[in-house]
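Take a look at the structure below.
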Amino acid sequence: MASPELTDYERKRLENIRRNDQMMASLKLHSIAAQVSASTKRPRAETKSYKVCPKKQPKTQTPIVIRRSLRTRGLPPDGKGLSDDAIESMVRTSKSPSPSKASPRDLGPLSMRDAYSGASDRALIEALLGIANKPQLSASVKGEIGRFEVSKVENSSGAREGIDGLTYGLIKKEENEIEDGLKLEPLSEGIDGITCGLVKKEESEVDSGLKLESLTLNSENIARVVPGRITNVSFFPCTSSSMVVVGNKFGNVGFWHIDSKEEEESGVYLYRPHTGPISGILIQQHCTSKIFTSCYDGFIRLMDAEKEVFDLVYSSEETIYSICQQSKDPKCLYFAEGHGGLSVWDERTGNFSNQWSLHEDRINSINFNSENSNVMTTSSTDGTACIWDLRSINANKLKTLRTVGHKRAVHSAYFSPSGRSLVTTSIDNTVGISSGVNFEDISMIYHDNRTGRWISSFRAIWGWDDEYVFIGNMKRGVDVISPVERRTVFTLQSPHMSAIPCRFDVHPFNVGMLAGATSGGQVYIWTLGC
């Protein structure tokens with residue numbers, strides 16, 4: 001069949017197509033578009049990550065029999081049904097338990113081997129025991145202002161060489177020694193006749209000398225430590241090694257040994273001691289091989305690297321939302337339980353020493369003042385952050401020293417390293433700064449805290465002194481807020497950032513080392529650059 005003759009319109013259309021193709025080829029637009037597309041693609045660096053050991057299926061002892069009906073086999077139907085022997089065999093098979101790992105929900109100790117998801121965690125256990133056996137500093141850079149000061153000195157005994165050849169040491173000061181130009185004033189009678197025992201320092205003298213533009217993020221300081229959303233991140237309080245531990249919404253606890261040279265595991269180790277979101281992680285200052293973890297499943301476990309076990313400390317039908325400890329009493333655990341309740345669990349007696357109802361809704365964070373451990377702050381979904389004095393108990397209820405009110409839920413409240421200021425973070429798009437002798441000077445700083453349901457809520461933390469506050473932003477950066485200027489003064493950004501950092505921690509001894517965790521399981525470590 002002959003092809004139909006083309007109309008004038010079709011011939012003109014084909015001619016335009018040929019002319020346009022020739023013009024595109026002469027201008028080389030296709031090659032230029034390919035080059036532009038390749039240059040705009042973000043290079044994805046290969047990051048460290050945990051490794052999950054695949055579960056081996058047990059070999060069946062009996063051969064698998066394929067069932068076929070009488071109809072398919074061409075046999076007449078049989079109305080007798082199953083024999084008694086067949087029924088008894090089916091009952092025995094259904095009742096026989098299948099071999100599996102111990103469940104994190106079991107009421108009892110959980111072996112680290114059973115909770116581990118990789119091939120071998122021996123390197124991590126040896127590293128934890130090695131850190132615990134080495135002498136550590138008794139006070140962190142963030143605490144004990146007035147008795148210790150941070151200084152950059154030349155290499156000398158008793159100090160650790162830090163970044164760029166500088167040595168960050170702690171110099172102990174006598175109780176009655178006063179720096180030149182430093183004015184220390186004991187608090188007069190405080191709120192309602194209660195003295196918090198803090199000291200006053202002029203704002204102009206709060207200066208760490210930290211240059212924010214020197215904080216950098218290198219590709220080797222990025223690792224995917226756990227799957228899913230990270231809810232907690234914490235540095236190990238040690239000077240001999242750099243290690244972080246994180247918890248996620250699935251009940252996993254992950255470790256990243258940043259200094260590890262093991263290529264097989266990349267220094268990342270993954271455990272699952274819980275069945276719900278991790279609400280708190282406490283590394284014991286006096287023994288870093290012991291770590292408390294709390295969870296929404298109502299369990300508090302103690303990871304003991306020496307015994308290689310996640311021991312069960314406490315279990316409850318209520319949800320546990322946060323956990324903390326006093327620096328002077330490591331044997332007591334303070335944790336938020338249920339709607340507004342705060343419980344104090346004494347390890348020595350295995351029972352409660354105190355229980356209070358402090359808020360009308362859940363308590364999201366608990367924090368103690370570094371200058372006076374009897375002063376505590378809590379934040380709550382009821383829209384308040386309160387400061388309490390544990391020495392003031394009236395009718396089995398604590399007395400509020402100060403209440404910071406927000407329009408919506410308050411996700412965190414933390415004292416500054418000197419203990420003289422308080423930072424609060426709320427979903428009402430504000431970061432509150434409370435300062436003054438009795439925390440009466442309260443100011444609200446605007447910050448976009450609307451993270452949505454897929455990203456962990458922002459929680460602003462203090463740096464290594466009272467000069468800066470660090471908090472994530474929705475543009476894959478870290479905002480730095482100045483409490484003195486009451487505004488964001490700097491934003492940490494990097495092309496290596498592929499997700500929004502939402503939870504943070506600063507290294508207590510290594511000034512300039514900042515950890516940021518994301519809802520994708522990544523941890524980013526900023527350090528002081530050249």
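Predicted, not measured: the structure shown is a model, and the values here were computed from it.
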For the pair [X] (side chain) and [Y] (backbone), establish whether a donor and an acceptor sit closer than 3.5 Å, ignoring hydrogens and angles.
X    : Y    : value
T384 : C386 : no
N248 : P227 : yes
D479 : I471 : no
D259 : S242 : yes
H406 : R408 : no
N449 : T430 : yes
Q326 : S373 : yes
R301 : F310 : yes
S412 : T424 : no

Would you compute the distance between atom [atom1] of [X] and atom [atom2] of [Y] and round it to the nearest 0.5 angstrom?
X    : Y    : atom1 : atom2 : result
F335 : W345 : CZ    : CH2   : 7.0 Å
S426 : H411 : OG    : NE2   : 7.0 Å
L528 : N510 : CG    : CG    : 7.5 Å
S416 : Y468 : OG    : OH    : 15.5 Å
H447 : T425 : NE2   : OG1   : 9.0 Å

Exercise for the section: Give the ring-plane orientation class for F255 versus F236, where under 30° counts as parallel, over 60° as perpendicular and anything between as tilted. Expected result: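 It falls in the tilted class, 30° to 60°.
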Practice task
Scan Y414, F415, Y334 and name whichever one has a ring pair (Phe, Tyr, Trp, His ring centres under 6.0 Å) with F368.
Solution key: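 Output: one option passes, namely Y334.
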Practice task
Kindly indicate whether the side chain of K399, heavy atoms from C-beta on, has any atom under 4.5 Å from the side chain of D389.
Solution key: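 The answer is no, as the side chains (C-beta and beyond) never meet within the 4.5 Å cut-off.
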Exercise for the section: Step by step, work out the ring pair (Phe, Tyr, Trp, His ring centres under 6.0 Å) result for F292 and Y314. Expected result: CA-CA 11 Å; F292 286 101; Y314 173 77; over 10 Å; no
Exercise for the section: Look at D329 together with R348 and state whether they make a salt bridge at an N to O cut-off of under 4.0 Å. Expected result: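 So D329 pairs with R348 through a salt bridge.
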Practice task
Carefully, step by step, assess D466 and S418 under the rule side-chain hydrogen bond (donor to acceptor under 3.5 Å, both in side chains).
Solution key: CA-CA 7 Å; D466 292 17; S418 69; 2.3 Å; yes
